Amino acid sequence: MSVKEWPLWEVFIRGQHGMSHRHVGSLHAVDAKHAIKNARDVYTRRNEGVSIWVVEAAHIAASSPSEKGPMYDPARDKVYRHPTFYDIPDDVGKM
Amino acid sequence: MYAQMVKSTGKGLVAREDMSPEDCAFQDRIDAGEKIEPRDYMPDGYRRNLIRQIGQHAHSEIVGQLPEGNWITRAPTLERKANLLAKVQDEAGHGLYLYCAAETLGVSRDEMTEMLLDGRMKYSSIFNYPTLTWADMGAVGWLVDGAAIMNQVPLQRTSYGPYARAMVRICKEESFHQRQGFHIMMAMVNGTADQKRMAQDALNRFWYPALMMFGPSDKDSVHSAQSMAWRIKVNTNDELRQKFVDETVPQAEYLGLTIPDAHLHWNDETEHYDFTEPDWDEFFDVISGNGPCNVDRLNARKTAWDDGAWVREAMMAHAEKKAARKQAAE
């Protein structure tokens, strides 16, 4: 087919309950306005959202799965970043 | 089911000792219940099989709009019409969720559409049967969507992340489809004698095609073992078919309708219904293009694709022109 394919857009929706926008999927559209219109039809047929973000998929930069080790492993041994690392006597009360 | 005959290009289950170290590590991840994401390593066979399976599933959703779209303008009440319209719109949405899951594997939606139109990709055999009366809208919702749910619920746990997530959305929405179908059947069986007869006739025509939706018997499914090892298939065809029969028979009894199978009976030993297998020759015939509506369905898709080409092209050209104008003004 000689017709040029519409670009791919990623869709993010914010639900009703004070949550942040969340990725829900993608769709094809010619521009941002069209993408929002399509996202409304494809991803909010049952009141799933009150706000839509779209971004052209080609503009998203992503970390690479092969960098998983160097990227995330250093956080593993820093248990002191979690509240449960610190023992506080029960006598102190709720903290 | 919506992907009932996924012919893989591989030669069946690959043994661990024949796997490369990468493939072994990949299988370990699947066995550990991890999800595979688009940019992760995956064997070529896994990618190819998934593209076929998700593509076939997506095409089924899209082609599946046709037998029901047929009745939108003739729905008996405004309420039924609104229900059916919403259901058919959902099917379009489900097709789109699935196409976008497949696209993460490196195939484009337009490519998949072209593969459907030139016969390289299939859709479910069920949509090659005609919907002759309004009662068929009841039978399709009740049986066809019922069978679809049975197949799709376990696929929410499939190994490929984007496919599993699409399945979660679809399952959430699909339950309304089955219930609206059953609701139509309830109205028909409680109506006039003619309406009840129409409901029975619809069940008679859709029962065996619905059983075929789960695909050939396990003993004839050569690619099942590899697909199950990869968790792109979770249950066997026969398991799901049995589950469908066990759940549907009491529903038919509730409606006061008779399943068109003289051999159907409860087996105390197995605690399942024994039932007659569908005619597999008919199944293979329909899936290879000779069902009652294959030509109509593909023609409808082809016409929509060809007639819409100028719209797709014009919208793209207009957007490019607007973008260029905006850039020039900056």
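What you see is a predicted model; the values in this text were computed from it and never measured. Quick note on labels: first sequence line is chain A, next is B, and so on, each numbered from 1.
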- Task: Answer yes or no: is there a side-chain heavy-atom contact under 4.5 Å between A:Leu8 and B:Arg109?
- Result: no

- Let me know if A:Ser66 has heavy atoms under 4.5 Å from chain B in its side chain, its backbone, both or neither. neither

- Message: Quick one, B:Met315 and A:Trp6 - any side-chain contact, counting heavy atoms below 4.5 Å?
- Response: yes

- Item | Closest heavy-atom pair and its distance - B:Met316, A:Glu5 | SD-O, 4.3 Å

- Item | Heavy-atom pairs under 4.5 Å with chain A, option from B:Leu96, B:Thr113, B:Asp90, B:Thr104 with the top count | B:Asp90

- Item | For B:Arg39 against A:Ala62, the heavy-atom pair lying closest together | NH2-O, 3.6 Å

- Note on the structure: From the list B:Glu103, B:Glu320, B:Glu37, the residue making the most non-hydrogen contacts under 4.5 Å with chain A is B:Glu103

- Message: What I'd like to find out is whether the side chain of A:His34 reaches to under 4.5 Å of the side chain of B:His318, using heavy atoms alone.
- Response: no

- Task: Select, from B:Cys100, B:Ala317, B:Ala323, B:Ala319, the one with the greatest count of heavy-atom pairs under 4.5 Å involving chain A.
- Result: B:Cys100

- Note on the structure: Under 4.5 Å to a heavy atom of chain B? For A:Lys68 that would be side chain

- Check the pair A:Val24, B:Arg169 against side chain to side chain contact (heavy atoms under 4.5 Å, CB included), reporting the backbone distance first and the verdict last. CA-CA 9 Å; A:Val24 291; B:Arg169 285 191 73 91; 4.0 Å; yes

- Message: Taking the side chain as everything from C-beta on, heavy atoms only, tell me whether B:Ser108 gets closer than 4.5 Å to A:His28.
- Response: no

- Heavy atoms of other groups near B:Lys326 NZ, more than 12 under 6.0 Å: no

- For A:Arg45, does the CZ atom sit with more than 12 other heavy atoms under 6.0 Å from it, leaving out its own atoms? yes

- Message: Determine whether a donor-acceptor pair (N or O, by modelled atom type, separation under 3.5 Å) exists between the side chain of B:Tyr97 and the backbone of A:Tyr43.
- Response: no

- In terms of heavy-atom proximity below 4.5 Å to chain A, should B:Lys172 be classed as side chain, backbone, both, or neither? neither

- Message: Between B:Tyr99 and A:Leu27, is there a side-chain heavy-atom distance shorter than 4.5 Å?
- Response: no

- Query: Quick check: are there more than 12 heavy atoms from other residues, nucleotides or ligands sitting under 6.0 Å from CZ of B:Arg16?
  - Reply: yes

- Item | B:Glu313 and A:Lys4, any side-chain heavy atoms less than 4.5 Å apart | no

- Message: Other residues, nucleotides and ligands only: do more than 12 of their heavy atoms fall within 6.0 Å of CD1 on A:Ile60?
- Response: yes

- Residues, nucleotides or ligands: over 12 heavy atoms within 6.0 Å of B:Arg179 CZ: no

- Should we count CD of A:Glu67 as having more than 12 external heavy atoms under 6.0 Å? yes

